[in-house]
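Presented below is the structure to which this report refers.
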2 protein chains.
Amino acid sequence: MITSHNGPQPADFTDVRATNLAVVLRFVRENAPCSRADIAASTGLNKATVSSLVADLIDRRLLRETGLTEHRVGRPATMLVLDGSPYAAIGIEVNVDYITAVAVDLKGEELLNWRRSFPGGTSSAAQAVVAMAALARRVVSRMTKEARQVLGLTVAVPGLVDVNGIVRVAPNLGWRDADLAGDLTKALRDPGFPVLVDNDANLAALAEHRFGPHRNAANLVYVTGEVGVGAGIVMDGRLRRGGQGFSGEIGHIEIAPAGPTCRCGRRGCLEAVAGIGAILAHTAPDASPSELELEIDEVVRRARDGEPDILALLEGVGRHLGRGMAAVANLLNPEVVILGGYYVPLAPWLVACAEEEMFGRVLAPGGGGCRLEVSTLGYGAAALGAAARVLDSVDSGRLPAQR
Amino acid sequence: MITSHNGPQPADFTDVRATNLAVVLRFVRENAPCSRADIAASTGLNKATVSSLVADLIDRRLLRETGLTEHRVGRPATMLVLDGSPYAAIGIEVNVDYITAVAVDLKGEELLNWRRSFPGGTSSAAQAVVAMAALARRVVSRMTKEARQVLGLTVAVPGLVDVNGIVRVAPNLGWRDADLAGDLTKALRDPGFPVLVDNDANLAALAEHRFGPHRNAANLVYVTGEVGVGAGIVMDGRLRRGGQGFSGEIGHIEIAPAGPTCRCGRRGCLEAVAGIGAILAHTAPDASPSELELEIDEVVRRARDGEPDILALLEGVGRHLGRGMAAVANLLNPEVVILGGYYVPLAPWLVACAEEEMFGRVLAPGGGGCRLEVSTLGYGAAALGAAARVLDSVDSGRLPAQR
DNA sequence: TTTAGTTAGTTTCGTAGCCAAACAAATGAC
DNA sequence: GTCATTTGTTTGGCTACGAAACTAACTAAA
């Protein structure tokens with residue numbers, strides 16, 4: 001069906017066209033290279049309609065004929081692929097000690113991936129805007145030099161971002177009520193593309209949903225493993241942000257009422273017992289944000305060496321994590337929960353016990369079909385997801401104008 | 001936009017028409033009585049289009065002209081209302097000790113509400129099908145006598161219902177893997193309307209979403225307060241069932257690790273510390289299912305009388321419930337959590353402390369705007385929601401055929 | 001009483017964009 | 001060389017939307 005069920009939103013022909021353009025675009029993305037006939041056969045659209053849609057998409061430089069044809073009985077087909085060259089989507093991630101910028105083309109191919117160290121933990125939002133604008137300008141000019149049109153820019157922020165894109169609270173950055181999108185747009189002086197802001201876990205979930213090995217899953221949860229623990233929720237094929245945009249705050253659900261005190265002042269939060277801080281508190285209590293990665297490497301080394309106290313520590317973290325994931329699985333019944341961030345290198349010592357705890361606590365038979373997996377997208381998942389956010393709006397029909 | 005984003009689903013004219021018919025229908029539902037001109041002005045549809053859509057809906061006997069007109073400057077308007085008389089939607093709820101059947105018209109007006117005692121707890125699914133079929137037949141024949149066409153029948157079951165409508169597990173009924181929808185359709189012998197099955201909490205959430213005082217909330221959670229505790233989740237305006245249909249199983253998230261043993265064998269489940277059983281275990285440990293309502297009345301009486309041990313008991317339950325709701329609010333950020341079932345009569349002694357616990361544990365400022373409210377729909381919420389499910393499919397464009 | 005003004009709903013016409021079917025094109029098989 | 005097969009385009013028909021003109025029914029004011 002056509003409707004999106006939120007209030008009176010009538011449809012007309014342009015909607016039909018936009019929908020079908022998006023259908024063809026998505027189909028080619030998933031099945032490239034493919035012919036017009038393939039598209040017609042698989043989508044149910046008429047051949048004539050497909051021809052017209054494809055012509056439109058070629059005009060907009062979203063598709064390209066490869067000229068290549070298979071050869072078998074019958075007229076050879078002209079194959080179609082996404083045209084990677086004319087466009088770029090930019091994603092930026094701010095974090096405690098760095099800013100990452102990623103640009104991808106329509107296919108999701110990474111065009112660049114720049115990381116600048118930046119003292120996010122001690123900088124104001126205004127300073128961050130300056131730094132991000134500088135970085136964004138360089139990325140944009142690089143893209144322009146490559147003759148690419150920038151379709152949009154999205155910023156991933158570790159914190160609560162409301163439905164209007166205002167950063168309400170970003171505890172690790174010390175920000176409150178910052179209109180990042182507005183300020184960044186101003187700093188970029190009429191950039192000619194939309195600038196959006198979203199929560200990092202949400203965007204990482206989007207990256208997994210579009211690019212990850214579980215991209216078929218319409219229901220997935222991505223869990224960030226940083227100092228803060230958060231989740232991005234995809235249900236029925238779309239990010240679900242909740243009423244104000246604050247969904248996925250699993251870091252502060254109570255796991256161990258008698259546990260250690262959390263940064264938020266309460267006791268036994270998931271973040272306090274299974275966040276990265278809970279590990280480093282035992283191994284490197286004075287580590288600064290910029291040393292996190294090194295310290296985790298050290299933990300991995302010691303685990304590999306089989307140090308019993310480290311193994312016990314990680315098992316405990318895994319079990320607590322599993323309890324949290326059980327709550328997630330019971331409440332949301334996703335097809336997969338994906339662990340990201342620093343949970344990735346630590347996964348070999350976490351996942352088994354986390355799974356055991358989780359499956360033991362999920363009511364639905366067979367855990368409701370929910371698997372616990374480890375992200376393969378690396379640390380840049382949120383930045384990649386930020387770029388994916390831009391591609392998503394193309395996918396859902398907001399195509400760049402005709403030539 | 002038009003797309004529903006799940007896989008290649010192209011659109012054509014019939015989709016446009018269906019969408020716009022649904023838009024008009026929903027508008028009239030919300031704003032009756034109203035004129036064609038009102039509809040055009042508010043929805044953005046062209047006057048001509050509205051006229052055509054309305055004519056179609058009148059033909060299908062979904063709308064009716066009231067003939068009544070206001071009188072002010074200009075030509076008086078012919079007002080439109082939903083036509084309540086030609087159709088009916090049926091909802092049936094099975095539970096431990098009764099079966100309820102509800103029929104509503106298009107407006108949601110209750111046409112009948114029948115309750116039959118039925119030993120669900122000790123009957124097989126097959127026996128339940130016989131009982132439900134008998135009841136359904138009587139409801140259908142009553143509707144037919146009133147010259148109403150039955151649009152559909154939905155059954156609410158307290159248990160895990162998968163995406164295909166199979167009851168996987170219904171602990172309180174002792175059922176496993178029952179194809180209720182299929183069997184009931186067979187028992188009704190080609191009823192001429194769709195028969196669906198869904199989880200009771202899901203359907204109660206739907207009832208709240210359509211009929212409740214918070215019907216504007218696009219994100220809400222309904223919590224059943226029975227022996228089992230479950231939730232129905234509405235996000236972005238639709239029920240979210242998860243990958244296999246098992247979302248909302250909050251009854252078995254761990255609230256008090258050192259708490260009492262739950263029916264499921266684990267300790268400290270929400271259900272075990274804040275379910276109705278947790279209350280009755282202290283007041284009437286040997287109560288049979290059919291006595292639940294009486295026993296709760298007794299608890300209410302004693303609470304009203306101010307018995308200290310009862311007040312303490314309820315405060316404890318409220319606090320545990322609040323902790324569970326904090327997890328829900330952190331994870332989903334709904335606009336409102338609605339307590340239903342036996343929590344309703346007990347609300348005066350539960351809500352304050354539950355709120356206190358909940359707001360103390362939600363990370364988002366101001367609790368993310370999430371309110372804790374009490375259902376006003378009464379015990380029949382699930383049955384009403386089952387009927388609402390039928391109306392929902394009409395709303396989303398599956399209209400009955402033209403005359 | 002007439003006339004002007006206002007609002008409601010219909011009619012007419014133009015257009016977008018879908019589908020079906022016929023057709024043209026390009027190849028392999030025999 | 002002809003036929004079969006498959007691809008993609010062209011043509012025509014149809015649906016359903018929007019714009020604008022028009023009719024209808026009323027109030028207000030001259």
Side-chain angles (χ1 to χ4, degrees), chain A residues 1-3 8-24 27-28 31 33-59 63 65-80 397 399 402, chain B residues 2-3 8-24 27-28 31 33-60 63 65-80 397 399 402:
Chain A
M1 247 294 293
I2 229 169
T3 176
Q9 260 173 267
D12 67 1
F13 301 116
T14 59
D15 295 318
V16 173
R17 188 67 173 179
T19 302
N20 290 340
L21 285 168
V23 164
V24 171
F27 184 86
V28 176
N31 301 82
C34 62
S35 69
R36 291 168 173 80
D38 294 338
I39 300 172
S42 298
T43 61
L45 287 162
N46 188 281
K47 283 199 297 174
T49 309
V50 170
S51 273
S52 151
L53 291 165
V54 165
D56 204 346
L57 291 169
I58 289 176
D59 263 6
L63 294 188
E65 296 186 341
T66 54
L68 295 174
T69 66
E70 297 168 21
H71 59 147
R72 47 183 151 62
V73 179
R75 172 177 166 177
T78 44
M79 301 309 263
L80 300 164
L399 307 184
Q402 220 137 335
Chain B
I2 227 167
T3 177
Q9 259 173 266
D12 67 0
F13 299 114
T14 57
D15 295 317
V16 174
R17 189 66 174 179
T19 302
N20 289 340
L21 284 168
V23 164
V24 171
F27 184 87
V28 176
N31 301 83
C34 62
S35 69
R36 292 167 174 82
D38 294 338
I39 300 172
S42 298
T43 61
L45 287 161
N46 188 282
K47 282 198 299 173
T49 308
V50 170
S51 273
S52 151
L53 291 165
V54 165
D56 204 345
L57 291 169
I58 289 177
D59 262 5
R60 291 166 199 262
L63 294 187
E65 296 187 340
T66 53
L68 295 175
T69 66
E70 296 168 22
H71 62 149
R72 45 180 153 60
V73 178
R75 171 175 165 177
T78 45
M79 302 309 263
L80 299 164
L399 307 184
Q402 220 138 337

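All chains are named by letter (A, B, ...) in the order of the sequence lines, taking the proteins before the strands, and each is independently numbered beginning at 1. Here the structure is a predicted model, which is why all the values come from computation and not from measurement.
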Atom CG of A/Asp15 and atom C1' of C/dA16 are separated, to the nearest Å, by 12 Å
Against the side chain of A/Leu45, the closest entry in C/dC19, C/dA8, D/dT9 is C/dC19
Quiz item: Any side-chain N or O of A/Thr78 under 4.0 Å from OP1/OP2 of D/dT7?
Solution: no
The nucleotide from D/dC17, D/dT27, C/dT10 with an atom nearest the side chain of B/Asn20 is D/dC17
Heavy-atom nearest pair, A/Arg36 first then A/Thr78, reads NH1-OG1, 3.1 Å
Handout entry: Any A/Thr49 side-chain N or O less than 4.0 Å from OP1/OP2 of C/dC19
Key = yes
To the nearest angstrom, the CD1-P distance between A/Ile39 and D/dT9 comes to 11 Å
Of the listed D/dA16, C/dT10, D/dT9, the closest approach to the A/Phe13 side chain comes from D/dA16
Practice prompt. Tell me whether the OP1 or OP2 atom of C/dT10 has a side-chain N or O from B/Arg36 closer than 4.0 Å.
Written response: yes
Between CG of A/Asn46 and C1' of D/dT11 the distance, given in whole Å, is 12 Å
Out of C/dA22, C/dT6, C/dT10, minimum distance to the side chain of B/Val73 belongs to C/dT6
Closest to the 5' end of DNA chain D, once B/Gly74 and B/Ala48 are matched to their nearest nucleotides, is B/Ala48
For B/Ser35, which contact category applies under a 4.0 Å heavy-atom criterion: base, sugar-phosphate, or nothing? sugar-phosphate
Indicate, yes or no, whether a donor-acceptor pair under 3.5 Å links the base of D/dT7 to the side chain of A/Arg75. yes
